[in-house]
Amino acid sequence: LSMAYAGARLGKSVLAGLSGKKRIECAYVASTVTDLPYFAQKVIFGEGGVIKVLPLGELNEHETKRLEELKPILQKEIDSGLEYAKANELSA
């Protein structure tokens, strides 16, 4: 149920943003907060979709260490997703 709730909450925020009501949610987006090309972080949804990607904020020593440990795993998952997207174009 938590995945369904998260999806519903994200969808509601996207639709609210598109109707002119700004909403802040976490989303997996193209990002420059790390050296990874995509990252999950807070964004502001507005009439144009994602109108602003918010900064990650201060990380403590433990969080910084864990992020560095996870970067190779995340990069592998990103590469896998990009390969899938290239091989499986969605038609309109």
Side-chain angles (χ1 to χ4, degrees):
L1 289 177
S2 63
M3 290 292 287
Y5 174 76
R9 181 175 165 155
L10 179 65
K12 187 175 179 180
S13 290
V14 170
L15 293 173
L18 292 173
S19 71
K21 301 172 190 165
K22 292 182 181 175
R23 295 287 190 265
I24 297 175
E25 289 292 342
C26 287
Y28 190 65
V29 294
S31 175
T32 59
V33 298
T34 70
D35 51 342
L36 298 168
Y38 298 92
F39 202 73
Q41 62 197 97
K42 288 184 179 180
V43 300
I44 299 174
F45 288 105
E47 290 184 33
V50 173
I51 59 173
K52 184 174 183 180
V53 178
L54 300 174
L56 191 57
E58 294 286 328
L59 299 179
N60 64 36
E61 185 179 334
H62 174 74
E63 292 167 331
T64 301
K65 180 181 178 215
R66 293 295 292 147
L67 177 57
E68 290 303 316
E69 292 171 354
L70 287 172
K71 280 184 182 179
I73 297 166
L74 294 172
Q75 185 62 61
K76 191 173 181 180
E77 291 176 0
I78 290 167
D79 292 342
S80 176
L82 292 173
E83 287 177 27
Y84 179 85
K86 283 181 187 176
N88 299 282
E89 289 187 43
L90 300 175
S91 59

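The structure displayed is predicted, hence computed values, not measured ones.
Considering all non-hydrogen atoms of both residues, Ser19 and Ala16 come closest at OG-O, 2.8 Å. Closest approach of Ala40 to Tyr28, counting heavy atoms only: N-CD1, 3.7 Å. Nearest heavy-atom pair, Val43 versus Ala27, reported as atom, atom and distance to 0.1 Å: CG2-CB, 3.9 Å. Closest non-hydrogen pair, Gly49 versus Leu18, comes out as N-CD2, 3.9 Å. Residue Cys26 comes nearest to Leu10 through the heavy atom pair O-CD1, 4.0 Å, listed as atom of the first residue, atom of the second, then distance.
Using a 4.5 Å heavy-atom cutoff, the side chains of Phe45 and Val50 are in contact.
Summarising the geometry, atom OG1 belonging to Thr64 is positioned 4.5 Å from atom CG belonging to Leu59; distances are rounded to the nearest 0.5 Å. Taking CG from Leu70 and CG from Leu36, the interatomic distance works out to 10.0 Å, rounded to the nearest 0.5 Å. One finds the CG atom of Leu56 at 9.5 Å from the CD atom of Glu58 (value rounded to the nearest 0.5 Å). To the nearest 0.5 angstrom, Ile78 atom CD1 is 12.0 Å from Ile73 atom CD1.
Residue Lys71 places its NZ atom among more than 12 non-hydrogen atoms of other residues, nucleotides or ligands, all under 6.0 Å distant. In Glu69, the CD atom is crowded: over 12 heavy atoms of neighbouring residues, nucleotides or ligands sit closer than 6.0 Å.
A side-chain donor-acceptor contact under 3.5 Å links Gln41 to the backbone of Leu54. A distance-only check finds no donor-acceptor pair linking the side chain of Glu83 to the backbone of Ser80 [under 3.5 Å].
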- Task: Show your working on salt bridge (charged side-chain N to carboxylate O under 4.0 Å, His left out) between Glu68 and Lys65 and close with a plain yes or no.
- Result: CA-CA 5 Å; Glu68 290 303 316; Lys65 180 181 178 215; over 6 Å; no
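Both Tyr38 and Leu74 belong to a single network of hydrophobic side chains, linked directly or stepwise wherever heavy atoms of I, L, V, M, F, W or Y lie under 4.5 Å apart.
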